[in-house]
Structures are given as C-alpha cells and as structure tokens.
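Numbered from 1 within each chain, the chains take letters A, B, ... in sequence-line order. Atoms considered below: every heavy atom in the structure, side chains included; atoms not considered: hydrogens, waters and symmetry mates.
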Protein chains: 2
Amino acid sequence: MKKTPTRPDSVLETLKQRGYRMTPQRRAIIEEILGSDGHIAALGIAQKLARKMPGINASTVYRTLDLLEEIGVVSHSHLGSGAEYHLTGEHEHVHLVCSNCGRTESLSLDELKPFRRMLEKNHDFAPDFTHFAIAGLCSRCRD
Amino acid sequence: MKKTPTRPDSVLETLKQRGYRMTPQRRAIIEEILGSDGHIAALGIAQKLARKMPGINASTVYRTLDLLEEIGVVSHSHLGSGAEYHLTGEHEHVHLVCSNCGRTESLSLDELKPFRRMLEKNHDFAPDFTHFAIAGLCSRCRD
DNA sequence: GTATATGCAAAGGTTTTGCACAGCC
DNA sequence: GGCTGTGCAAAACCTTTGCATATAC
C-alpha cells in the first residue's frame, strides 16, 4: 500500500487557500523538505538551498518553517540534537536512536498500540510518539 | 521502599578516586543538582549558583557537567527544550510532557516493561526511556 | 498599488574555547 | 611546587527581530 508522494504544489495550494503568497523561496524550502527523505533541520535547509538559490536567507527559512508549522503542513521532532522538520502526516514512525553509535531505526506506530492504550487508559494521556525519539543501544552496541 | 538520598560526599568521593580534585565549585554544582528535585539545566545551575557563589562562571558549570557525565555520576535528558541534568540512577522515570500546556507527568519504568520487552525482542534494541520525554496531550488538553 | 515576504544586519541566548592565574593536593 | 581547575573574554553557533526594500497578488 504505497502512499502518493506529496507534491510541492499541494502544499502551496494550502498556502494560497489561507491567503499566503507563493514565493520561489517557499517553493524551494518545501521542495527541500520533500526531497530530504524524512526530516531535516532548519539550518540544513538553509545550507543546502544556499547552493541552488544564492542569497536565500536563513531567517526566511526559519520564518517559513514557523508558518508552515502554524498552518499544519509541517511538524518538527527531536531526534537527538535540535529540531528536525518533516511533512505532517508523512514520516509517521518512531525513531530509535543509538546513544552509542548514533544510528537510527524506525518503529511502526502499530507496534506501539498496546503502549498507547496503556497511556490513554492509565494516564489519560494521548501520546505523540513521533515527536521525540527513543534513545537506547542498538543491536551492534548492546554488549 | 525509600532510597537513601545521594550525598554530595559520595559523588566527590568518586571524583577523588578517579584522580580529580574536589573544589568548592564542584561541590556547589553537585549540591545544586541534588537539591533540584530531579533535573536542572546547565544554565539554571549557573544562575542559581550565581547568588550563593558570586563569580562562579557558566563555563565552569558546563565543564563540570561534562566531567561528571563522563565519569558516569550524572546524565542528561531531553524533556522539551535543551538538556537537563540529574544524578545517574536517580530520577528513573519517564516524562510525559503535554505539547499544549507544557505540564509534565511521570511514568514508572514498570509500566513500560512490556514495551521494553517488545523492543528488545523484535528490534534487538535496549531502550533508555528516561533520555527523551514522551510528548502528547494531557487529560486537560485532550479535547 | 498594497500588503506581505525577503534580505540584511544586528542582537539574543546558549555553549565552547584559549589563555593566564588561582588553588587543590 | 606542579598540575588541574577556574575565571574571564572572546568566539562559535543557532535563532530571532527590526527595518527598508522587493515582489506576489
């Protein structure tokens, strides 16, 4: 069951609907997030874009990310150091990051169902497991 | 089953054993962590100490925390924004932080046992749930 | 044409680093 | 006395903000 990949246009469509403008910078930032295979830091976007679009300013990236997050098309998560951005609704999995070697694995949300139910039942808490990673030791670093 | 509270002396003992020196600054930093009821940010320590021990420098705090973490007596976790330090072995619980109101609750490690077993069995991953918080919506903010 | 978005520059906050001096052992 | 630890100052790093200009609509 493959997902239709999100296209930059659909994000820009959302912007227009809300009365925001479609600028080359915004288009480029969105493309960078889409092309980053998951998640990317704000500064990472700025640096990658600097090559393709000289003159683009980091503050534009920060402001655009804030805006996109506000209208709900992107979200950020914490996978170790600092915020990483991704499209809301994509990237719906939990990160397991190894404290020793830094490698990351993915965990499907399905595997978390029993844990989620426990939190909802016992603590009346609706978890978003994608927001923070889970640290630990991976198979190679365990012993 | 109450735990014996860790005393600054025992930490300083560890320092001495490893050939490090016991200074008033280090003593004060350790006391601040002990007295912080759980966790505290590096800059928080520096600011609180500034009152009791004028002249103490933030860089000393950062360097001391690095050292203490290196020798294993303190650890840090990420509960929302930035690193918070606590004594290794104390504070052994998971934080649930509400993305909406910011309140935090605690979860015992016992409640996580089935989840831990799943990660170990299916992913050969040994999780440290205390390192990152779990984000979500608390009872008051759920609906 | 007008309101919004961008670039630039400056400032803000946190953390790191180099170096000389102080102080623990 | 020697070597480690600290203070100080500066820099590095990331992010935010104010303001004038550019540009999407």
request  = Using atom CZ of A:Arg27 as one end and atom C1' of C:dT6 as the other, report the distance to the nearest whole Å.
outcome  = 17 Å
ask   = When you list every nucleotide of DNA chain D with an atom under 4.0 Å from a heavy atom of chain A, which one comes first 5' to 3', and which comes last?
value = D:dC14 to D:dC25
inquiry  = With rounding to the nearest 0.5 angstrom, report the CD1 to CD1 distance, A:Ile33 to A:Ile45.
reply    = 4.0 Å
message = Using 0.5 Å steps for rounding, measure from the CD1 atom of B:Ile40 to the NE2 atom of B:His76.
response = 15.5 Å
key: Lys/Arg N to Asp/Glu carboxylate O, B:Glu31 vs B:Lys48, below 4.0 Å   = no
ask   = Should the pair B:Lys113-B:Asp110 be classified as a salt bridge under the 4.0 Å nitrogen-to-oxygen rule?
value = yes
request  = Please determine, by modelled atom types, if B:Thr23 and B:Arg27 share a side-chain donor-acceptor pair under 3.5 angstrom.
outcome  = no
remark   = Taken to the nearest whole Å, CG/B:Leu67 to C1'/C:dT16 is 16 Å
query = Is it true that a side-chain atom of B:Arg26 and a backbone atom of B:Arg21 form a donor plus acceptor pair closer than 3.5 Å?
reply = yes
Flag, side chain of B:Glu111 to backbone of B:Ser108, donor-acceptor distance under 3.5 Å = yes
task = Summarise protein proximity over nucleotides 20-25 of chain C in one line of letters, 5' to 3': B for base, S for sugar-phosphate only, - for none, counting protein heavy atoms closer than 4.0 Å.
result = ---BBS
B:His93 backbone acceptor or donor facing B:Thr130 side chain under 3.5 Å = no
request  = Report yes if the distance between the aromatic ring centroids of A:His78 and B:His78 is under 6.0 Å, otherwise no.
outcome  = no
task = Could you check if a side-chain atom of A:His123 sits within less than 4.5 angstrom of a side-chain atom of B:Leu107, using non-hydrogen atoms only?
result = yes
ask   = Which residues in residues 48-63 of chain B have at least one heavy atom lying under 4.0 Å from any atom of DNA chain C?
value = B:Ser59, B:Tyr62, B:Arg63
